[in-house]
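Worksheet for the structure shown next.
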Amino acid sequence: MKRVAILISGGGSNMLALVASMTGDHPARPVLVASNDPGAMGLKRAAELGIATAAVEHRPFKGDRAAFEAALLQPILAAEPDILCLAGFMRVLTPAFVARFEGRMLNIHPSLLPKYTGLHTHQRALDAGDTEAGCSVHEVTAALDEGPLLGQARVPVLPGDTADSLGARVLAQEHRLYPAVLRRFAAGDRSPIFLS
Ligand code: GRF
């Protein structure tokens with residue numbers, strides 16, 4: 001059974017989708033939900049489900065990413081995860097941190113990578129007049145949002161869409177895609193899947 005740690009920064013809806021999927025014959029189980037924000041709603045939700053949680057606030061480190069990550073590593077290493085899932089974790093990790101978990105750290109990104117790495121992906125898709133958008137799960141490498149693709153799901157851009165309405169449609173797909181990819185990845189299958 002693979003041990004999964006999930007890093008979040010906010011509400012944790014992707015974390016909840018991952019946790020809900022890891023039952024029965026799923027080859028993995030959640031062992032930790034950690035956040036850089038002690039007030040993250042997702043931490044409260046994970047604790048209510050009986051999952052160990054940890055919070056390491058990044059602000060006191062005043063931009064010293066190595067020191068922040070050294071503190072964050074303590075609860076993570078104590079949980080001995082086989083796989084790390086970034087699920088709405090909004091801190092950019094250093095290459096040194098990434099190197100520790102290379103090949104076993106995943107991220108969900110709300111665009112059809114390689115389009116729109118970084119932030120504000122839905123507004124950028126609308127501004128470009130795209131007719132479709134979506135989300136991607138990829139392995140995390142030192143290059144932000146550029147690691148090997150593990151899965152994508154597409155949605156149509158509809159007339160009158162705003163970044164919020166499009167974001168909500170994409171988020172619903174995220175909650176399907178990330179669990180599907182994690183199940184395969186935990187079973188050793190890294191071939192990408194494409195949902196529509
Ligand atoms: C998701 O859209 C994810 O793709 C992005 O941040 C959002 C987090 O949502 N990185 P949640 O915290 O999982 O609800």
Side-chain angles (χ1 to χ4, degrees), residues 4-22 28 30 32-49 51 53-58 72 83-93 97-98 101 105-126 130 132-158 161-183 185 192-196:
V4 176
I6 306 171
L7 302 191
I8 67 170
S9 292
S13 69
N14 276 290
M15 176 274 295
L16 288 174
L18 292 172
V19 167
S21 73
M22 286 188 264
L32 176 72
V33 173
S35 178
N36 61 298
D37 180 355
M41 182 53 75
L43 285 179
K44 185 169 176 295
R45 292 164 140 176
E48 285 165 357
L49 294 170
I51 301 166
T53 62
V56 178
E57 185 163 6
H58 64 277
L72 182 63
I83 300 169
L84 246 68
C85 287
L86 307 185
F89 184 68
M90 303 309 281
R91 307 307 300 171
V92 177
L93 297 164
F97 187 101
V98 172
F101 299 101
M105 184 157 53
L106 313 183
N107 181 45
I108 181 114
H109 183 77
S111 81
L112 295 172
L113 293 171
K115 290 183 93 169
Y116 313 128
T117 61
L119 300 174
H120 313 304
T121 57
H122 307 308
Q123 189 58 53
R124 290 157 67 192
L126 291 172
D130 291 355
E132 64 175 4
C135 52
S136 307
V137 176
H138 62 95
E139 281 185 46
V140 177
T141 59
L144 185 67
D145 300 332
E146 292 186 10
L149 192 66
L150 295 166
Q152 279 188 329
R154 293 170 182 271
V155 302
V157 175
L158 301 177
D161 255 336
T162 62
D164 287 347
S165 62
L166 180 56
R169 194 173 310 119
V170 172
L171 192 61
Q173 289 289 61
E174 293 181 38
H175 298 161
R176 292 177 58 216
L177 179 67
Y178 213 173
V181 168
L182 176 61
R183 178 183 270 272
F185 189 86
I193 55 171
F194 300 93
L195 305 181
S196 55

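Both counts, for ligands and for their atoms, begin at 1 and track the order of listing.
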Quiz prompt | Partner residues of N36 under the side-chain hydrogen bond (donor to acceptor under 3.5 Å, both in side chains) criterion, sequence neighbours left out | solution =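 By the side-chain hydrogen bond (donor to acceptor under 3.5 Å, both in side chains) rule, N36 matches S9, H58.
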I'd like to check [X] versus [Y] (side-chain heavy atoms, cut-off strictly below 4.5 Å). Are they in contact?
| X | Y | answer |
| --- | --- | --- |
| D37 | E57 | no |
| S35 | T53 | no |
| V140 | F89 | no |

Practice problem: Can you measure from CD1 (I108) to NE2 (H138) and round to the nearest 0.5 angstrom? | Solution: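 Here the interatomic distance stands at 9.0 Å.
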Practice problem: May I ask you to check whether H109 and T121 show a side-chain donor-acceptor distance below 3.5 Å? | Solution: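 Judged by distance alone, the side chains do not pair up.
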Quiz prompt | Neighbouring residues of ligand 1, heavy-atom cut-off under 4.0 Å | solution =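 Lining ligand 1 at under 4.0 Å, by heavy atoms, one finds G11, G12, S13, N14, G88, I108, P110, L171, E174.
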